[in-house]
Amino acid sequence: MRKFTWSLGLLLLPGLGVAQTRAAKPAAAPAPTYLTSTQQLTLQAALEMSARAQAKAATLGKQVSVAVVDASGQTIVLLRGDGVGPHNTEAARRKAYTALSTKTPTLALSRNARANPDTQNLNSLPELLLLSGGVPLLHNGQVIGGIGVAGGGSPDNDDLIGKAAALPEAGISTP
């Protein structure tokens, strides 16, 4: 009987080692996440924001070009106000893209770049435009697009007009 108990112990010993090894292993790492959910601006939202920007410009006696880009930088709306110079249309698009890309209103970005030698070279990047009038569009704290305004007559006007495009009723704000 003693041989049998000892033999049984030898048979069970490797199984106990495996059980101990399994118990000692850390929990498996969670599977990587390959997709994220994003909020996308609709054409209707872009048109409404453009209309609000143009209405604000009208209160200042100005006609402006307005661009709205989505979270990937693609143009949704590009409007040129009556009598606005053709260069303002491209400027509005690049201001919107710059605000989206840097997550910063271009008025602040421009002023910061001039004051900081380390960031002055931002103007050398092909799509960035360090002129006032670009404003990031936020939803729940996330940048979901940008709006660009050109032709408002001054840096402060362009910035003010861009910020007037917010849609608070839809949770879309500007900084």
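- Evaluated for a side-chain contact (heavy atoms from CB on, under 4.5 Å) with Ser65, the options Val84, Leu78, Val149 yield exactly one hit, Val84.
- Remark: Gln142 CD is loosely packed, at most 12 non-hydrogen atoms of other residues, nucleotides or ligands lying under 6.0 Å away.
- Rounded to the nearest 0.5 Å, atoms CD1 (Ile76) and OG1 (Thr42) are 7.5 Å apart.
- In terms of the side-chain contact (heavy atoms from CB on, under 4.5 Å) criterion, residue partners of Ala150 (sequence neighbours excluded) are, by chain and number, Asn88, Ala91, Ala92, Lys95.
- Between atom CG of residue Leu131 and atom CG of residue Leu107 there is a gap of 10.5 Å, rounded to the nearest 0.5 Å.
- Note that the CD1 atom of Ile144 and the CD1 atom of Ile172 stand 4.5 Å from one another [nearest 0.5 Å].
- Across all their heavy atoms, Ala99 and Gly134 have their closest contact at CB-C, 3.4 Å.
- Looking at residues two or more places apart in sequence or on another chain, you find a side-chain contact (heavy atoms from CB on, under 4.5 Å) between Ser50 and Val66, Val68, Val77, Leu79.
- Counting only heavy atoms from C-beta outward, the side chains of Leu130 and Thr106 never approach each other to under 4.5 Å.
- Between Asp159 and Arg111, no side-chain nitrogen of the basic residue sits less than 4.0 Å from a carboxylate oxygen of the acidic one, so the salt-bridge criterion is not met.
- The structure places OG of Ser101 at 12.5 Å from CG of Leu129, a figure rounded to the nearest 0.5 Å.
- Put simply, the side chain of Pro168 does not reach to within 4.5 Å of the side chain of Ser173, judged on heavy atoms.
- Checked by atom type and distance alone, the side chain of Arg94 pairs as donor or acceptor with a backbone atom of Pro126 at under 3.5 Å.
- Residues Ser154 and Asp156 have side chains that never bring a donor and an acceptor to within less than 3.5 angstrom of each other.
- In this structure, Asp158 contributes its side chain and Gly152 its backbone to a donor-acceptor pair below 3.5 Å.
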